[in-house]
Amino acid sequence: MIHRLCALVLSIVWLPLSVLAGPIDYDRLDQRLDLLAQKPEMVGLAVAIVENGDVTYAKGFGETHIGGLPVTERTVFRWASLSKSVAATVTGQLALEGLLSLNDTTAKHRTSLRLPNAGHRNATLVDVLSHRLGIVPNAYDLRLEDGNDPADIRRSLGALKASCAVGDCHTYQNVAFDVISEVVEGVTGYNYRTIVAQRLFAPLAMASASLDRASLQASVDWARPYRMRRGSARPRPTDLNDSYYNVPAAGGVNASILDLAEYMRAQMGLRPDVLPQELLDVLHAPRARTLREQRSQNRRYGRRLANAHYGLGWRVYDYVGEHRVIGHRGAVRGYRALILFDPERDTGVVAMWNSSSRKPVGIQLEVMDMVYDLPRTDWIGLGTGGSAAGPVAR
């Protein structure tokens, strides 16, 4: 009840907060988000900002589905791969309590994971959480999407050709990453979804958060999935299946933008009762250079996000080479999400939307450019409101 009351108060007061002195121009941001929401490839969008530790902006744009209700700050979306940081966080909590060690091998926990050249015998939980398992990126995601059992797929990974030795290179995973859910269940004796709810969602008062399709659909206010199809001027509805709910550590979380903002506050160190700084230091430490990610960022956004690394469930960058920022992006069919924050300034942005458009990815750069007092650039790709970006997300 308290959480819902706070959300209601926030929905009423965010506009006056927008005129408070500070580096973020909320009026300009609001105008640009409104223009973005009117683009034909968009359906619904929710954005929240934490500035100096406080939620200073939370608003929805567009519709939960075409012809449906307006999106609000309480509308539930899917987090997609933002869920990986949740898995890393819970695993880190268990490590602090001595229930496991991040240096444990997956073999010690008798998991279903098999790797080329028996690499699973040496692969640690750190290797899993930082995607250093030595196999081709996104290994067998298509099998997962075809409805195959994740544990069976993990057993088949050993037949792949190794891309590198375990621990030597970063290759992003979903099915393999979800072996963490097996580890969590093994050391606690409880279902992964139950542990996440008890250790994160409940203490952070994330009332809308869940880890399965049934809970998403049972939400009073939830965004339906859409994606563009060839020859269509507008996104069309797409199916909501269980594929990535079946690998909950990799992509299973649902929640509102307010709950995602509260989660970001905790990752900034503002909820030490739940996430102590000792844990955050472990999660956010860079573990592996992500050269493929760096090339992608350079192509789209110049040098805004430099020195790209992966930590434990998190991406780590230097913003314009000067400011350390933590973030992640995610996409499952019909949904996209992002989070990016500066833990030293307790400031950051989160966004979720229910279409396959890439334009909203630029929101994070427009917000952080304001934070660092950089020239206005049209990172969203609206064709207005700032100097033309170099390579802009399309």
Side-chain angles (χ1 to χ4, degrees), residues 81-96 101-106 122-135 137-138 163-174 176-177 180 249-250 263-270 272 275-330 337-350 361 364-365 368 371-372:
S81 284
L82 273 59
S83 307
K84 291 180 172 68
S85 68
V86 171
T89 299
V90 168
T91 306
Q93 288 176 322
L94 297 175
L96 281 182
S101 168
L102 293 175
N103 293 318
D104 286 346
T105 64
T106 60
N122 300 316
T124 67
L125 303 188
V126 166
D127 292 325
V128 173
L129 294 169
S130 58
H131 302 283
R132 298 184 302 177
L133 295 177
I135 53 178
N138 299 89
S163 299
C164 66
V166 170
D168 281 358
C169 63
H170 173 91
T171 56
Y172 193 84
Q173 301 298 325
N174 285 306
F177 186 95
I180 285 296
Y263 176 73
M264 179 168 64
R265 290 186 71 254
Q267 292 288 338
M268 291 173 176
L270 300 173
L275 304 184
Q277 191 62 46
E278 178 185 4
L279 169 59
L280 299 179
D281 289 343
V282 171
L283 299 178
H284 300 163
R287 306 277 177 164
R289 285 290 301 274
T290 53
L291 297 178
R292 181 181 177 187
E293 165 77 1
Q294 187 63 72
R295 288 192 294 269
S296 174
Q297 298 304 329
N298 289 346
R299 185 173 64 252
R300 295 177 182 174
Y301 309 121
R303 293 287 177 178
R304 285 298 194 264
L305 297 173
N307 195 24
H309 281 75
Y310 206 92
L312 301 186
W314 287 104
R315 295 191 183 276
V316 184
Y317 307 97
D318 291 335
Y319 205 89
V320 294
E322 297 180 12
H323 312 280
R324 179 170 170 268
V325 293
I326 313 297
H328 214 290
R329 294 195 297 276
L338 65 84
I339 179 172
L340 188 70
F341 63 93
D342 181 331
E344 293 300 318
R345 296 187 180 220
D346 294 334
T347 296
V349 57
V350 289
V361 175
Q364 60 185 340
L365 300 180
M368 299 312 289
V371 171
Y372 301 126

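- For the 3.5 Å distance criterion, the side chains of Gln267 and His284 qualify, holding a donor opposite an acceptor.
- The minimum heavy-atom distance between Thr91 and Ala87, with the atom names listed, is OG1-O, 2.7 Å.
- Between Tyr301 and Val361, the closest side-chain pair of non-hydrogen atoms falls below 4.5 Å.
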> Going through the distances and angles, do Tyr263 and Leu82 end up as a side-chain contact (heavy atoms from CB on, under 4.5 Å)?
Replying inline: CA-CA 11 Å; Tyr263 176 73; Leu82 273 59; over 6 Å; no
With a cut-off of 3.5 Å and sequence neighbours excluded, list every side-chain donor-acceptor pair involving residues 304-314.
{"from": "Arg304", "atom 1": "NE", "to": "Asp369", "atom 2": "OD1", "distance (Å)": "2.8"}
{"from": "Arg304", "atom 1": "NE", "to": "Asp369", "atom 2": "OD2", "distance (Å)": "3.3"}
{"from": "Arg304", "atom 1": "NH2", "to": "Asp369", "atom 2": "OD2", "distance (Å)": "3.1"}
{"from": "Asn307", "atom 1": "ND2", "to": "Asp318", "atom 2": "OD2", "distance (Å)": "3.0"}
{"from": "His309", "atom 1": "ND1", "to": "Asn307", "atom 2": "O", "distance (Å)": "3.0"}
{"from": "Tyr310", "atom 1": "OH", "to": "His131", "atom 2": "NE2", "distance (Å)": "3.2"}
{"from": "Tyr310", "atom 1": "OH", "to": "His328", "atom 2": "NE2", "distance (Å)": "2.8"}

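- The side-chain contact (heavy atoms from CB on, under 4.5 Å) with Tyr317 is formed by just one residue from the set His323, Arg324, Gln297; it is Gln297.
- Remark: Gln277 CD is packed, more than 12 non-hydrogen atoms of other residues, nucleotides or ligands lying under 6.0 Å away.
- For the pair Val166/Arg132, no side-chain contact is recorded, criterion being any heavy-atom separation below 4.5 Å from C-beta on.
- With a 4.5 Å cut-off on side-chain heavy atoms, Leu283 and Ser85 do not count as touching.
- Looking at Gln294 and Asn298, their side chains come closer than 4.5 Å, going by heavy atoms from C-beta outward.
- In this structure, Thr171 contributes its side chain and Ile135 its backbone to a donor-acceptor pair below 3.5 Å.
- Looking at heavy atoms from C-beta onward, Leu340 lies in side-chain contact with Met368 at the 4.5 angstrom threshold.
- Proximity of Leu280 to Pro343: side-chain heavy atoms (C-beta onward) are nowhere separated by under 4.5 Å.
- For the pair Gln93 and Leu275, the minimum side-chain heavy-atom distance is below 4.5 Å.
- Atom CZ of Arg265 is separated from atom CG of Leu270 by 5.0 Å, given to the nearest 0.5 angstrom.
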